[in-house]
Structure formats: C-alpha cells, structure tokens
Amino acid sequence: MTLIEQIITISLAAVANFTTRFLPFVLFRTDKTTPFFVRKLGGFLPPAIMAMLVIYCFRNVSWLAGDHGLPDLLASLITIFLHLWRRNLLLSMLGGTLSYIILLNFLF
C-alpha cells in the first residue's frame, strides 16, 4: 500500500472505532429506558455467542484419528471446572489456554 492508502485505511479504522464507541451513548441516553428489543437481545446473545464459539473451536477436531481430540476435551473440561469453581472469566480463559498448551505440547 502506498502512504496515502495507509493513511486513508488508518483514518477509516479510527472513525469506525470512534463511531461504534460513541454511538450507543447517543442512541441510549440515560434519561430514556432501554428499548425492550435491546434488552431481549442482551439476554439472548451472550449464550448464543458462547455456543457458537464452542462449535467453532471443535469444528476441526478429528475425533476418529490420533489422540481423538482428547487434549481439546480435557482443556474444555478444565475451563468449565475453573469457571464454575471461581466464576472468574480471566482465570477460566488463562487456565483453559494454559492447560491446552501443556496437554498438547507435553502429554500428547
């Protein structure tokens, strides 16, 4: 990319970032109640996104070859256990990631 194209790309990314962070404060002012549709989406979307991420993570696991996806399954169970035990998102993410790396590199 030329310098001009790089400047345009960075500027557009900055404008898009600013707009997505500023727009909710304009649309949903504190003096108004949040629309019913947005509240329903707020209750429905997080579990749906988590389910989609789980499916995405397991989509390429070869269940019938090699280690049969055992490191993936064990790391997922460790992540679930950590989250149910401490209810700490950071601990769950770090613990699951570290357990997967350790299982994959040292045990399998």
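- With values rounded to the nearest 0.5 angstrom, Ser11 atom OG is found 11.5 Å from Gln6 atom CD.
- Atoms CG and OG1, on Leu27 and Thr34 in that order, are 11.5 Å from each other to the nearest 0.5 Å.
- Under a hydrophobic-cluster definition in which Ile, Leu, Val, Met, Phe, Trp and Tyr are linked whenever side-chain heavy atoms come within less than 4.5 Å, directly or via other members, Phe25 and Phe18 are assigned to different clusters.
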Taking distance alone, no hydrogens or angles, what donor-acceptor pairs closer than 3.5 Å link side-chain atoms of residues 101-108 to residues at least two apart or in another chain?
| unit_1 | atom_1 | unit_2 | atom_2 | d |
| --- | --- | --- | --- | --- |
| Asn105 | ND2 | Ile101 | O | 3.2 |

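- In this structure, Ile78 CD1 and Thr97 OG1 are separated by 11.5 Å, a value rounded to the nearest 0.5 Å.
- Not counting sequence neighbours, Ser99 has no partner by the side chain to side chain donor-acceptor pair (under 3.5 Å) test.
- Note: the hydrophobic cluster containing Leu53 also contains Phe44 (ILVMFWY, side chain heavy atoms under 4.5 Å, direct or indirect links).
- Hydrophobic clustering keeps Trp63 apart from Ile55 (ILVMFWY residues linked when any side-chain heavy atoms are closer than 4.5 Å, directly or through intermediates).
- Neither Leu70 nor Val61 shares a network with the other; the hydrophobic side chains, linked directly or stepwise wherever heavy atoms of I, L, V, M, F, W or Y lie under 4.5 Å apart, form separate groups for each.
- Atom CE of Met1 is surrounded by more than 12 heavy atoms from other residues, nucleotides or ligands within 6.0 Å.
- If you chain together hydrophobic residues whose side chains sit under 4.5 Å apart, Leu89 and Leu94 never meet in one group.
- Minimum heavy-atom separation, Phe58 to Ser76: CZ-OG, 3.0 Å.
- For the pair Tyr100 and Pro71, the tightest heavy-atom approach, listed with the atom from each and the gap, is CD1-O, 3.8 Å.
- Annotation: cation-pi pair Arg59/Tyr56 present, NZ/CZ under 6.0 Å from the ring centroid and within 45° of its normal.
- Residues Gly42 and Pro46 come closest through the heavy atom pair O-CD, 3.2 Å.
- To the nearest 0.5 Å, atoms CG (Asn17) and CG (Leu12) are separated by 12.5 Å.
- When the shell of 6.0 Å around CG of Leu64 is examined, it contains 12 or fewer heavy atoms from other residues, nucleotides or ligands.
- What you find for Leu82 and Leu91 is that their closest heavy atoms are CD1-O, 3.9 Å.
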